[in-house]
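Side-chain atoms are counted along with the backbone in the values below, which use heavy atoms only and exclude waters and symmetry mates.
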Amino acid sequence: MTAEMAAPAWMREQITAEQYDSWSEEQCAGIEIVDGMVVVNPSASKRHNRLARILANALEAAAGPDWNADTDFDVRLQDVPLTNRRPDVVVYRADTIDITPTRPEHVLLVVEVVSPGSETTDRIVKTDQYAKAGIAFYWRVEQAATGVPLVYTYVLDPATRAYRDGEVFTGVVKVSAPFTVEVDLGRI
């Protein structure tokens, strides 16, 4: 099998922000761009999607009118080389809903629900990328052996552009400023 048969040419070449911005929403779904290269993400499981939706709904309800929480859209971390990530949940300023692309300065929190095969990326690579982009909070959600998710929280140190470890939650998630969230993750 040749490289052309395995992947189209556009997946083997560095993509610019201008090229990516010209693509349709359908072309952008299910991919991320990292350092200009297309990264295809396999479809998430129903359990993964349900957990992301429950978290997004709880965060949306708790955030108040100044913040929105959504799933499945790009956050433009950098233009050159292009890096677009699609966090599982994004809490962003409500007044930026019509601004495209969504940039780190619009975002308060990103949440990644770890799936088999994404462990290293979610634990190390994305943590570093989100911190360097200046996103204030990062949550990583993992399934424990008990089936109850564990939520690892990280808080940005603006001086170093690195995250410091926050609390780890199981079952119930509580977050203080700028909003409070209680989610019973044990029932998922």
Side-chain angles (χ1 to χ4, degrees), residues 1-53 55-56 68-143 152 154 156-158 160-163:
M1 176 182 286
T2 66
E4 291 77 24
M5 293 170 63
W10 60 268
M11 290 183 73
R12 299 186 313 273
E13 299 169 0
Q14 198 166 35
I15 305 299
T16 66
E18 294 78 23
Q19 288 172 308
Y20 187 78
D21 291 343
S22 73
W23 293 358
S24 70
E25 184 64 28
E26 292 79 27
Q27 289 173 297
C28 297
I31 67 169
E32 293 179 318
I33 308 293
V34 178
D35 293 331
M37 301 305 292
V38 174
V39 177
V40 178
N41 297 317
S43 295
S45 70
K46 288 186 265 184
R47 180 172 300 279
H48 178 278
N49 288 338
R50 178 172 167 69
L51 179 54
R53 185 173 35 82
L55 284 167
N68 293 335
D70 283 313
T71 61
D72 197 31
F73 68 89
D74 289 342
V75 175
R76 175 83 44 96
L77 300 181
Q78 65 184 35
D79 287 312
V80 180
L82 178 62
T83 299
N84 271 352
R85 286 293 190 181
R86 267 185 188 251
D88 293 311
V89 179
V90 180
V91 176
Y92 60 98
R93 289 193 349 243
D95 63 351
T96 65
I97 194 167
D98 293 320
I99 297 175
T100 303
T102 299
R103 297 202 177 267
E105 58 268 22
H106 306 147
V107 176
L108 176 68
L109 164 71
V110 291
V111 180
E112 293 289 352
V113 178
V114 178
S115 295
S118 74
E119 295 94 341
T120 301
T121 301
D122 291 341
R123 290 179 186 151
I124 299 168
V125 177
K126 289 183 180 181
T127 304
D128 185 56
Q129 289 175 337
Y130 294 145
K132 282 185 174 33
I135 296 173
F137 300 96
Y138 174 56
W139 290 2
R140 189 183 79 241
V141 182
E142 297 192 12
Q143 289 283 357
Y152 297 86
Y154 302 89
L156 184 67
D157 177 347
T160 63
R161 288 271 182 159
Y163 287 120

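- Judged by distance alone, the side chain of R76 and the main-chain N or O of T100 form no donor-acceptor pair under 3.5 Å.
- Of all heavy-atom pairs spanning D122 and V114, the tightest one is OD2-CA, 3.5 Å.
- Between the side chain of Q19 and the backbone N or O of A17, no donor-acceptor pair lies under 3.5 Å.
- Remark: side-chain polar atoms of S24 are paired, donor with acceptor, to backbone N or O of Q27 under 3.5 angstrom.
- Q129 contributes atom CD, which lies 8.5 Å from atom OG1 of T121 (distance to the nearest 0.5 angstrom).
- Counting heavy atoms from C-beta on, the side chains of I33 and V39 never come closer than 4.5 Å.
- Checked options Y138, F137, W139; the residue passing with Y154 is Y138 (criterion: ring pair (Phe, Tyr, Trp, His ring centres under 6.0 Å)).
- Between atom CZ of residue R103 and atom CZ of residue R93 there is a gap of 13.0 Å, rounded to the nearest 0.5 Å.
- The heavy-atom pair separating A56 from A69 by the smallest distance is O-CB, 3.4 Å.
- To the nearest 0.5 Å, atoms CG (D74) and OG1 (T102) are separated by 8.0 Å.
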Q.
Is there a side chain to side chain contact (heavy atoms under 4.5 Å, CB included) between Y92 and I99? Walk through the geometry before answering.
A. CA-CA 11 Å; Y92 60 98; I99 297 175; over 6 Å; no

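- To the nearest 0.5 Å, atom NE2 of residue H106 and atom CG of residue N68 are 12.5 Å apart.
- Pairing each heavy atom of P81 with each of G36, the nearest pair is CB-N, 4.0 Å.
- A donor-acceptor contact shorter than 3.5 Å links the side chain of R86 to the backbone of D72.
- Taking 4.5 Å as the limit, every side-chain heavy atom of R85 sits out of range of all side-chain heavy atoms of V110.
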Q. Side chain to side chain donor-acceptor pair (under 3.5 Å) between R123 and Y152: does it pass, once the steps are laid out?
A. CA-CA 10 Å; R123 290 179 186 151; Y152 297 86; over 6 Å; no

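- Within the 4.5 Å cutoff, the side chain of Y130 has heavy atoms near those of the P87 side chain.
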Q: Would you sort out whether L51 and L55 count as a side chain to side chain contact (heavy atoms under 4.5 Å, CB included), showing the intermediate values?
A: CA-CA 6 Å; L51 179 54; L55 284 167; 4.2 Å; yes

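- The CD1 atom of I135 sits 10.0 Å away from the CZ atom of R161 when rounded to the nearest 0.5 Å.
- Under the 3.5 Å distance criterion, the side-chain polar atoms of E25 are left unmatched by any main-chain donor or acceptor of C28.
- L77 places a side-chain heavy atom less than 4.5 Å from the side chain of P104.
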Q: Start with the C-alpha distance between D88 and H48, add both sets of side-chain angles, then the distance that settles side chain to side chain contact (heavy atoms under 4.5 Å, CB included), and finish with yes or no.
A: CA-CA 9 Å; D88 293 311; H48 178 278; 3.0 Å; yes

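- To the nearest 0.5 angstrom, L156 atom CG is 7.0 Å from T160 atom OG1.
- Listed here is the closest heavy atom pair of T71 and A52: CG2-O, 4.0 Å.
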